[in-house]
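Working notes, structure below.
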Amino acid sequence: LRISIYIGTSLDGFIADSNGGLNWLDAFADEEALQAYEEFLRSVDVHVIGRGTFEKVSTFPEWPYRKPVFLLSSTVKHLPGSYNEKIILLSMKPNELLKYLSEKGYASINIDGGKVIQSFLKEDAVETMILSKVPLLLGSGTPLFVNGGALLRFRHIRTRVFSSGLVQSHYERLKRKTTVYG
Ligand SMILES: NC(=O)c1ccc[n+]([C@@H]2O[C@H](COP(=O)([O-])OP(=O)(O)OC[C@H]3O[C@@H](n4cnc5c(N)ncnc54)[C@H](OP(=O)(O)O)[C@@H]3O)[C@@H](O)[C@H]2O)c1
């Protein structure tokens with residue numbers, strides 16, 4: 001299984017502003033950035049998102065995902081019918097979910113959403129991180145990383161500097177531990 005995150009952050013490491021907004025990323029969503037995102041989308045089989053991310057992307061004019069989406073939530077029990085084709089609702093812990101997805105034949109999994117990413121990092125289940133840092137400080141908001149995690153080493157693969165000032169770095173986890181999901 002290849003488990004990846006692909007996420008835009010402020011210099012101070014936030015993925016959404018204090019209202020949950022993403023407008024601060026708009027100025028950096030140029031052709032270069034969209035192309036890089038499309039390339040990433042092609043490389044994944046499935047997206048796993050948290051309820052917070054679902055609540056945000058469901059307000060977008062266009063559905064941002066191309067592949068099947070698994071929505072993790074213990075509180076959402078039903079989705080409007082319009083999502084039937086797009087989303088599978090699940091309530092599972094990270095390792096349980098990865099085993100389930102692996103058994104379904106998925107090989108490349110994108111994890112999206114702050115808390116969900118943190119829960120996968122806690123299990124040391126993130127293999128690839130593509131972090132797109134934009135040159136501004138938000139001051140407050142939803143953090144990507146929080147205090148209290150374990151030390152995890154990553155190998156730097158490459159960094160691309162986009163003309164907008166977005167700096168995209170690609171990291172791979174070094175020394176993965178053996179897991180139940182193979
Ligand atoms: N900058 C970017 O590239 C980017 C990308 C994605 C999202 N975002 C932003 O990030 C914000 C959402 O992030 P978030 O941290 O608030 O929420 P999130 O991680 O998307 O969702 C968290 C919720 O997912 C559910 N959940 C189920 N299983 C979970 C598990 N194993 N681990 C963690 N959560 C689990 C819980 O909902 P229940 O209470 O229902 O159980 C939890 O409250 C939004 O504002 C979105 O716009 C930004």
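We count ligands from 1, going down the list as the structure has it; atoms in each ligand are counted the same way. Since the structure is predicted, the reported quantities are computational estimates derived from the model, not experimental observations.
- Linking ILVMFWY residues whenever their side-chain heavy atoms come closer than 4.5 Å, directly or via other members, places I111 and L121 in the same cluster.
- Listed as neighbours of ligand 1 are I7, G8, I15, A16, G20, L22, L25, G50, R51, G52, T53, K56, L72, S73, S74, T75, P94, D112, G113, G114, K115, V116, S119, T142, each bearing a heavy atom under 4.0 Å from the ligand.
- T128 is linked by a side chain to side chain donor-acceptor pair (under 3.5 Å) to R2, E172, counting only residues two or more places apart in sequence or in another chain.
- Panel note: side chain Q118, backbone P143; a donor-acceptor pair is recorded below 3.5 Å.
- Residues in residues 135-169 take part in these ring pair (Phe, Tyr, Trp, His ring centres under 6.0 Å) pairs, two or more places apart or across chains: H156-Y171.
- Summarising the local packing, NZ of K86 is surrounded by more than 12 heavy atoms from other residues, nucleotides or ligands at distances under 6.0 Å.
- Under the salt bridge (Lys or Arg N to Asp or Glu O under 4.0 Å) criterion, E38 pairs with R66, sequence neighbours left out.
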